[in-house]
4 protein chains.
Amino acid sequence: MKKKDLTKEKKILDATVQIIIDEGAAAISTTKVAKKVGISQSNIYLYFKDKRALLDGVYLREIGRLEETTGMKQMLDPNEAMIPRVFSYLKALYDFSLANPHSLFVIEQIKLLSRDFPDYIENLVGPNNPVAQLFETGIKAKVLRPIDRSLSMTIIFSVIRRHTENIQTGVYSENDASFAAVSRMIWDAITIVPYPDELLK
Amino acid sequence: MKKKDLTKEKKILDATVQIIIDEGAAAISTTKVAKKVGISQSNIYLYFKDKRALLDGVYLREIGRLEETTGMKQMLDPNEAMIPRVFSYLKALYDFSLANPHSLFVIEQIKLLSRDFPDYIENLVGPNNPVAQLFETGIKAKVLRPIDRSLSMTIIFSVIRRHTENIQTGVYSENDASFAAVSRMIWDAITIVPYPDELLK
Amino acid sequence: MKKKDLTKEKKILDATVQIIIDEGAAAISTTKVAKKVGISQSNIYLYFKDKRALLDGVYLREIGRLEETTGMKQMLDPNEAMIPRVFSYLKALYDFSLANPHSLFVIEQIKLLSRDFPDYIENLVGPNNPVAQLFETGIKAKVLRPIDRSLSMTIIFSVIRRHTENIQTGVYSENDASFAAVSRMIWDAITIVPYPDELLK
Amino acid sequence: MKKKDLTKEKKILDATVQIIIDEGAAAISTTKVAKKVGISQSNIYLYFKDKRALLDGVYLREIGRLEETTGMKQMLDPNEAMIPRVFSYLKALYDFSLANPHSLFVIEQIKLLSRDFPDYIENLVGPNNPVAQLFETGIKAKVLRPIDRSLSMTIIFSVIRRHTENIQTGVYSENDASFAAVSRMIWDAITIVPYPDELLK
DNA sequence: TATGAATGAGTGTTCATTCAT
DNA sequence: AATGAATGAACACTCATTCAT
């Protein structure tokens, strides 16, 4: 149960992610993962006690990537003004998604498997639920739309995920649908203030 | 391939839907479905030639329910003005989702499970792809936001689905988040005209 | 259990034979046969009480075809001289096999399935086992090789079956390997007299 | 894909062969084999990736036994004279068949069951297809009958197989039908030279 | 005579998991 | 830390057969 070889653990997670991307989360099996890594099937159980633990590992790693985003952190910085906080958050998430085009997809796929995974990152970031605090502050400041934040979050994630997928699958190119257009759409949905054109440096 | 006893076919579909609701689409197995209906496993193959055909059956039934909605039909009526068409579409979908709280969820689950299902109802409603035509017309008429319609659709579906789920799981009551508030949010995202307050009967 | 519609019975047998030719005897199933005939699966049980009975039907029909051959009958005519009897038997079997290229194959395939089918036609032709009598007479007349007739029979059948298959699969054309050559080979194996060239009219 | 415990692999092959002998090749199922060996059904898939691979295993083992025969090797020795080569081949095959009474039967059964197995050993022995070369040489040397070798091969195999079966099932004893008689019969079929009595040591 | 409906047993195959080495 | 071996349960799917209509 000791986890020494972090390289191997990473390899296992990578292989699992690749299978999700190629065949969907329902296709994951320890057999397949082991074959992909080039280790024996039982070896996986040295690093993850369970298939569920393996899934947890993948899920948490993707979530973690998102959280480490500078935009994510900037969003939570209470010294910033509200509008730049929201705007840079969108920008960061947008960039993140294009740079890691599978990340949101993987998160979604794992949730498909068992519903008892925590919902998105809505309630996950750090102690005291800072996301909740930001939304409350934003609403009081009359910047964010006064509505349950889960709806705003859903829009942010679903639009960016779909946009990324569209580019990925060649529905349109990155030039056709600019960040300006996409972020403005989201902005109009989740805020009640005009889109801050000047922030588009 | 269909047989006479439509009751049985319906029972099988119902059981499958229930499993999706309870455990997710990935948990579907012919064994489970049969047990739930109270028939022998092989009997299922009299009504559906395949597991895939069973999934198709569930998917198409839910899609069909949506299409039969009066709002859906109203949306497609070219004699109507654009703003009421979009508005009544939102209203209809909203009502439908609250009346069939699992329907959008089931559609999403199946779509997620096997990526080769046709995408939502985006391209499904009848011949000549009337949804595409509506969006094109709406954009030309400077009512809908000039952006790939898949993004607008995503917003409509994800927000309404999440809203329904929120009510279902008691996150808030139907009074706390009114149709007015939810539809206005979507409206601001997908159109470039002010929300038509007067249409709120 | 009454068998009225002989046409239908024939159709069932034909379909079964076709499946054997296409996929081998192991692939026979009442489902497949019924589908091929265009009747319901259960209908087969009106004509054949069993799957075994169906196989019997096919087997006996093919055997019967062979027995009805004029050469077969000529072979058994005690008024004929021994050498022409044997020769015309070979000729008849040869012609039969080329005319019904699947017949010996089907017999072989059914025997594959359950070993309790009677062996070839060795002991089947009519009462008093006339084949046995012919071989005894032939051996006494110092025409046939004095050896258990099953070995001679095996040569006759295996060579002609293989020859037919060779032509069927294009190993060589009928011109390359003539009846003269093939029958001479068999002749030298099963008799102890010179090949009767003059009988090659 | 092969694992260490060669004993187990052998046991599985043995059980499969036994089923073929008892019930025919069509009766093979992984369930039956596993039960016969006394292991779990899934264990078979550790040693054979497929049912087909299992059949391959049985087939190749029997073929291999044949090829290892000294007579087989002698037949291929180009320094020997043609007549002894052919004769010793017959003798070797004869002895082999009596020593392994099921071997030719098993080969035939598997070949019959799935037609895509390589044909007998006709084209299998080593590189450059030495069997083909022997037959060509033999025909040029005016020893073997100038006819497609598949027909000669068929005679050799079918006669020896049937002879073995006859003894096995008590149709006659080994004394009644001597090697001399049987081999002479084959000899007269496949060669055009007199039977070499002097080689019967 | 014919069919649709049903089923229990069987098929080959994959799975997550355990354990001795 | 790693593996080969093993297994029982599950999987989708097919089968021969029966029965009421």
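Reckoned from all heavy atoms, side chains included, excluding hydrogens, waters and symmetry mates. Reminder, nothing fancy here: chain letters follow the sequence lines and each chain counts from 1.
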Positive for side chain to side chain donor-acceptor pair (under 3.5 Å) with D:T30, one of D:K51, D:Q41, D:K35:
D:Q41

Would you say D:S158 and C:R162 are linked by a side-chain donor-acceptor pair, where the criterion is simply a distance under 3.5 Å?
no

Basic-acidic side-chain contact under 4.0 Å: C:E108, C:K111:
no

Specify the separation, in whole Å, of atom CZ of C:F48 and atom P of F:dT18.
16 Å

Is any side-chain nitrogen or oxygen of D:Y47 closer than 4.0 Å to OP1 or OP2 of F:dG4?
no

D:K35 NZ to E:dT11 C1': how many Å, rounded?
13 Å

Just by modelled atom types, is the C:V37 backbone N or O under 3.5 Å from a matching donor or acceptor in the C:K8 side chain?
no

Look at B:S29 and F:dC11 and indicate whether a side-chain polar atom (N or O) is within less than 4.0 Å of OP1 or OP2.
yes

For atom CG of B:L46 and atom P of E:dG4, their distance in whole Å
10 Å

If you compare every side-chain N and O of A:Y45 against the phosphate oxygens of F:dT3 (OP1, OP2), does one of them come in below 4.0 Å?
no

Report yes if at least one side-chain N or O of B:K32 is closer than 4.0 Å to OP1 or OP2 of F:dA10; otherwise report no.
no

Below 4.0 Å: OP1/OP2 of E:dT7 and any side-chain N or O of B:S42
no

Using whole Å, what does the distance between atom P of nucleotide F:dC11 and atom CD of B:E23 come to?
10 Å

Which sits closer to the 5' end of DNA chain E, A:A27 or B:G38, going by the nucleotide each is nearest to?
B:G38

Of B:I44 and C:N43, the one whose closest nucleotide on DNA chain E sits nearer the 5' end is C:N43

Under 4.0 Å between a side-chain N/O of D:K8 and OP1 or OP2 of F:dG4, yes or no?
no

Can B:K32 and B:D22 be counted as an ion pair, charged N to O under 4.0 angstrom?
no

Side-chain (A:Q109) to main-chain (B:L112) donor-acceptor, under 3.5 angstrom:
yes

Taking only the side-chain nitrogens and oxygens of B:T30, find out if one of them lies under 4.0 Å from OP1 or OP2 of F:dA12.
yes

Can you measure B:I12 atom CD1 to F:dA12 atom C1' for me and round it to whole angstrom units?
15 Å

OP1 or OP2 of F:dT14 versus the side-chain N and O atoms of C:T31: is any pair under 4.0 Å?
no

Across every strand shown, the nucleotide meeting Watson-Crick or G-U wobble geometry with F:dA9 (both distances under 3.5 Å) is E:dT14

Using whole Å, what does the distance between atom C1' of nucleotide F:dA12 and atom CG of B:D50 come to?
9 Å

Starting from C1' on F:dC15, measure out to CG on C:L113 and report it in whole angstrom.
14 Å

Mind checking who F:dT21 pairs with, Watson-Crick or G-U wobble, both distances under 3.5 Å?
E:dA2

Which part of the nucleic acid, if any, lies within reach of C:L54 when heavy atoms closer than 4.0 Å are counted: base, sugar-phosphate only, or nothing?
nothing

Spacing between B:K51 atom NZ and F:dA10 atom P, to the nearest angstrom
15 Å

If you pin A:S40 and B:R52 to their nearest nucleotides in DNA chain F, which one's is more 5'?
A:S40

Between F:dT17, F:dA6, E:dC15, which nucleotide has the shortest distance from any of its atoms to the side chain of C:Q41?
F:dT17

